[in-house]
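Taking it in order: structure first as structure tokens, then the write-up.
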Amino acid sequence: MALDQKTITDFAQEALPEPDLFLVSVHVSDTPVRPKVTILADGDQGITIQQCAKISRRVSKRIEEVYGEEIEYSIEVSSPGVDYPLTEARQYAKNVGRNIKINLAAGGEKVGVLQEVVEDGILFAEEVKQKHKVSLQEPVKVPYLDIVKAQIVISFK
């Protein structure tokens, strides 16, 4: 019996050890021989390696209960990392005040500061370069539906 994506997602949701943790994504490879379960989780204050290990143990236990102990698979639980796109409202909220780059559904890319998270989108202040200095425009609301991809911009200044 193959591992089912929705079932594994449900197991992962139930396995979260604290209420401030949330799932970012769950992926089950479609390889029939030794599928790989990849769970990305985060928290409002980040996630520790111990919390990732606890999620891994809990999901593994549920997989063995439902699919049997003889099923072969691998499991990886980690945080999404700064290079992973923001996909959840809670990820946006955790990164208020940081520089982000957004790709818009209408085309184009903007870089600026994530000012606030609202119910159906974000308030975003775009950076504008003028004569060797950067300033921020007034924040505008960008609905989640208009965002194709949003990522944290890492600066080493």
Side-chain angles (χ1 to χ4, degrees), residues 3-31 35-60 73-157:
L3 296 176
D4 175 60
Q5 175 93 23
K6 182 179 178 343
T7 303
I8 302 303
T9 301
D10 292 344
F11 292 167
Q13 188 64 48
E14 295 166 6
L16 297 175
E18 281 91 28
D20 74 320
L21 298 180
F22 56 93
L23 292 179
V24 175
S25 75
V26 176
H27 178 74
V28 179
S29 69
D30 56 0
T31 319
K36 181 177 182 180
V37 175
T38 306
I39 300 170
L40 296 180
D42 206 347
D44 297 329
Q45 307 302 317
I47 188 168
T48 67
I49 201 162
Q50 291 83 6
Q51 290 168 320
C52 289
K54 190 177 279 190
I55 293 167
S56 177
R57 286 190 300 272
R58 288 177 175 181
V59 171
S60 293
Y73 66 95
S74 64
I75 185 167
E76 177 182 307
V77 180
S78 67
S79 65
V82 293
D83 60 335
Y84 193 84
L86 303 176
T87 57
E88 302 290 320
R90 288 173 77 175
Q91 284 180 291
Y92 284 97
K94 156 181 180 173
N95 288 290
V96 166
R98 293 186 77 179
N99 284 350
I100 65 170
K101 175 173 66 172
I102 57 175
N103 294 7
L104 300 169
E109 173 180 288
K110 296 182 183 281
V111 175
V113 177
L114 175 59
Q115 298 279 314
E116 186 180 339
V117 177
V118 293
E119 186 176 327
D120 58 346
I122 61 172
L123 292 181
F124 176 78
E126 185 177 2
E127 285 184 352
V128 180
K129 295 180 182 177
Q130 299 172 334
K131 294 188 181 181
H132 307 294
K133 74 178 198 181
V134 175
S135 61
L136 294 176
Q137 290 185 339
E138 285 294 311
V140 295
K141 182 179 175 188
V142 181
Y144 292 126
L145 294 174
D146 291 351
I147 300 173
V148 174
K149 183 178 179 183
Q151 282 188 279
I152 302 300
V153 174
I154 306 300
S155 175
F156 296 102
K157 292 180 184 178

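- In plain terms, the two heavy atoms of Phe22 and Leu16 that are nearest each other are CA-CD1, 3.9 Å.
- Inter-residue side-chain proximity for Ser78 and Leu40 is flagged as met; some heavy-atom pair is nearer than 4.5 Å.
- No salt bridge links Arg90 with Asp42; every basic N to acidic carboxylate O contact stays at or beyond 4.0 Å.
- Salt bridge absent: Arg58 and Glu14 never bring a charged side-chain N and a carboxylate O closer than 4.0 Å.
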Can you list, pair by pair, the side-chain donor-acceptor contacts under 3.5 Å of residues 101-119, counting residues two or more places apart and other chains?
unit_1, atom_1, unit_2, atom_2, d
Lys110, NZ, Glu126, OE1, 3.3

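- Between Thr87 and Lys149 there is no side-chain heavy-atom pair separated by less than 4.5 Å.
- A donor-acceptor pair is defined here as one N or O able to donate and one able to accept, closer than 3.5 Å; such a pair exists between the side chain of Gln5 and the backbone of Val26.
- In this structure, Ser60 contributes its side chain and Ser56 its backbone to a donor-acceptor pair below 3.5 Å.
- Side-chain atoms of Thr38 and Lys36, non-hydrogen and from C-beta on, do get closer than 4.5 Å to each other.
- Applying the 6.0 Å contact sphere to CD1 of Ile49 captures no more than 12 heavy atoms from other residues, nucleotides or ligands.
- Of the possible polar contacts, one joining the Asp4 side chain to the Thr7 backbone as a donor-acceptor pair under 3.5 Å is found.
- Residues Val24 and Pro80 come closest through the heavy atom pair CG2-CG, 3.9 Å.
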